[in-house]
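Written out below as structure tokens is the structure these notes cover.
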Protein chains: 2
Amino acid sequence: MTPEPRRDESEFLAKYDPRDYDPVAVTVDVVALTIRDGALHVLLVRRGNAPYEGMWALPGGFVQAGGPLQGTDAEDLPDAAVRELAEETGLSAKGGALGRVHLEQLGTYGSPGRDPRMRVISVAYLAFAPELPDPEAGGDAADAAWAPVDALGLAESGDQRPGTTRRLAFDHARILSDGLERARGKLEYTPLAAAFCGGEFTIPELRSVYEAVWGEELHAGNFHRKVLSVPGFVESTGATSDRGGRRGGPRPRLYRAGDARLLHPALLRPSREEEIR
Amino acid sequence: MTPEPRRDESEFLAKYDPRDYDPVAVTVDVVALTIRDGALHVLLVRRGNAPYEGMWALPGGFVQAGGPLQGTDAEDLPDAAVRELAEETGLSAKGGALGRVHLEQLGTYGSPGRDPRMRVISVAYLAFAPELPDPEAGGDAADAAWAPVDALGLAESGDQRPGTTRRLAFDHARILSDGLERARGKLEYTPLAAAFCGGEFTIPELRSVYEAVWGEELHAGNFHRKVLSVPGFVESTGATSDRGGRRGGPRPRLYRAGDARLLHPALLRPSREEEIR
DNA sequence: TAAATAGTGTCTTTGAGACACTATTTC
DNA sequence: GAAATAGTGTCTCAAAGACACTATTTA
């Protein structure tokens, strides 16, 4: 349901007064993931203002609500996420590198007190990006960078002891942790690992995406056969990469993303026994 | 990130004025599912006020924001969902039947224009409940009832043609559709089907939950063996039901939910080929 | 030349699903 | 007694994973 302040629209608008409501702010935060040097990285910005001034945080900001009339300046939530991403990376949203980015809603975080200034409801988005250039700080960020996820000392999924996840502003460590777990799961049953690669990629490159996100080494031979056996996961370009592996080996063939939206059968992570109970 | 209206908190609070912001309302809507007479039902309320007066809608309402100080009246999002559910069902939130309800966040819906009166961001929750008594209308609802999902004429998952999902107020048909798809998926890899049953249940009862949610008949023998073979899905009570099947058959044994949080291996739906591309 | 890697072959084990069958209960 | 149902046995096929092997490339 939705607010019931007045009986109908015209009467409502005539008597409209924002002070009738407890004020709430709605923001969008983005967990933008990419692979750099074979390791999973997340886009962070350093805060230029209080609170948490000087700390690293997820990129994000206000949603343009557009006032009660919700005119053309009213902004949809995914658009706000793309805008924040573009502002922080300095890349253009349409057509450019951001056009290849996968974006999905992650969850909404609205506990009282998560922002000391006022009640803030934050809608978090999760983005998978191919390798992008170093970001340039924009807006109210003092700095921006791709940070290796492993170096952040995050708690593992399921481990929610307080104190283990306190290196980011607000509850952003928790949001990032949720985003990472979502990403791990998504690679199992969707072909979204290809969103971390460019337009063309090799099977070993795809495997390194899985290894970076899952934090586990995979058997090269079995992975290769599995990827090719799932209908619609990848399709061959017919071409061959111009270089072999870093320390030797034949030149791998090139593929692009196929037309599947779901992997069937799925590519399940090995050894998840601990997570089951 | 979060709002940056002022440099620090004390200064912010001194100069605080809600009119500095475009007003936004935050609501919680609940997709509450249960099984009645072997069919999946959703809790709906009939709206007593404009807009969409007289139409059926998901139960929901305002989140108590608590003002800028976010005092004790500030309400967390899941608490708001439980409160709305309790108000509409007339059941007590703690200890009572609602204590057995599974609740999870479904997603957030905030497109401009989804509510004609003002910008409204709605956080949707998904609830799995065992069979509950008929609801009693409360709050601003003119009526409340468990409605069979099949009779709502919803579009199938993936089918988002406009016009096919227009029997509920606002974008609630879309929210319900998303909730149903989430529920179908959750039964595959979590033991949450047990949340639709009471404390003790038989394997055939559990199977009827799967059949109602998936809309497909399952092979009784294979289902039985599968459920017992997944570690931690169910545990035996040692007892036996006091009646056999409706039209004959031996008395099935009783089980309760086990300690698994994930099913491994998962219980995959048959015949999903259409959904893959 | 040595080491690493791409890609394929093969074997074993597990699990899903089809089918059959017995025992038990309701009408 | 007839029909339906609970639960188990068994067979087949698909798939995951371990292991082995060849061919190709880099340092």
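Between L263(A) atom CG and dA14(D) atom P the separation is 20 Å, expressed in whole Å. The nearest whole Å value for the distance from the CD atom in E205(B) to the P atom in dA6(D) is 10 Å. Rounded to an integer number of Å, the gap from F223(A) CZ to dG17(D) P is 12 Å. Across the protein-nucleic acid pair, R269(B) atom CZ and dA16(C) atom P stand 16 Å apart, rounded to whole Å. Rounded to whole angstrom, the span from the CG atom of L218(A) across to the P atom of dT5(C) amounts to 14 Å.
Contact annotation: R207(A) side-chain N/O to dT5(C) OP1/OP2 distance is not under 4.0 Å. Here R247(B) does not reach the OP1 or OP2 of dA3(D): none of its side-chain N or O atoms lies under 4.0 Å away. At least one side-chain nitrogen or oxygen of H224(B) sits closer than 4.0 Å to the OP1 or OP2 atom of dG7(D). When the side-chain nitrogen and oxygen atoms of R253(B) are compared with OP1 and OP2 of dT5(D), none of them lie within a distance under 4.0 Å. A close approach under 4.0 Å does occur between a side-chain nitrogen or oxygen of R243(B) and OP1 or OP2 of dT26(C).
A donor N or O paired with an acceptor N or O is not found under 3.5 Å between the base of dG15(C) and the side-chain atoms of R225(B).
For I203(B), whose side chain is taken as the heavy atoms from C-beta onward, the closest listed nucleotide among dG7(D), dG17(D), dT25(D) is dG7(D). For P204(A), counting side-chain heavy atoms from C-beta on, the closest listed nucleotide (dG15(C), dG7(C), dT5(D)) is dG7(C). Closest contact between the side chain of H219(B) and the listed nucleotides dC19(C), dA16(C), dA4(C) involves dC19(C).
Taking the charged nitrogens against the carboxylate oxygens, E205(A) and R243(A) have no contact shorter than 4.0 Å, which rules out a salt bridge. Using a 4.0 Å cut-off between charged nitrogen and carboxylate oxygen, R182(A) and D178(A) do not count as a salt-bridge pair.
Taking every heavy atom of both residues into account, A144(B) and E136(B) meet most closely at CB-C, 4.4 Å. Minimum heavy-atom separation, L77(B) to V28(B): O-CG2, 4.1 Å.
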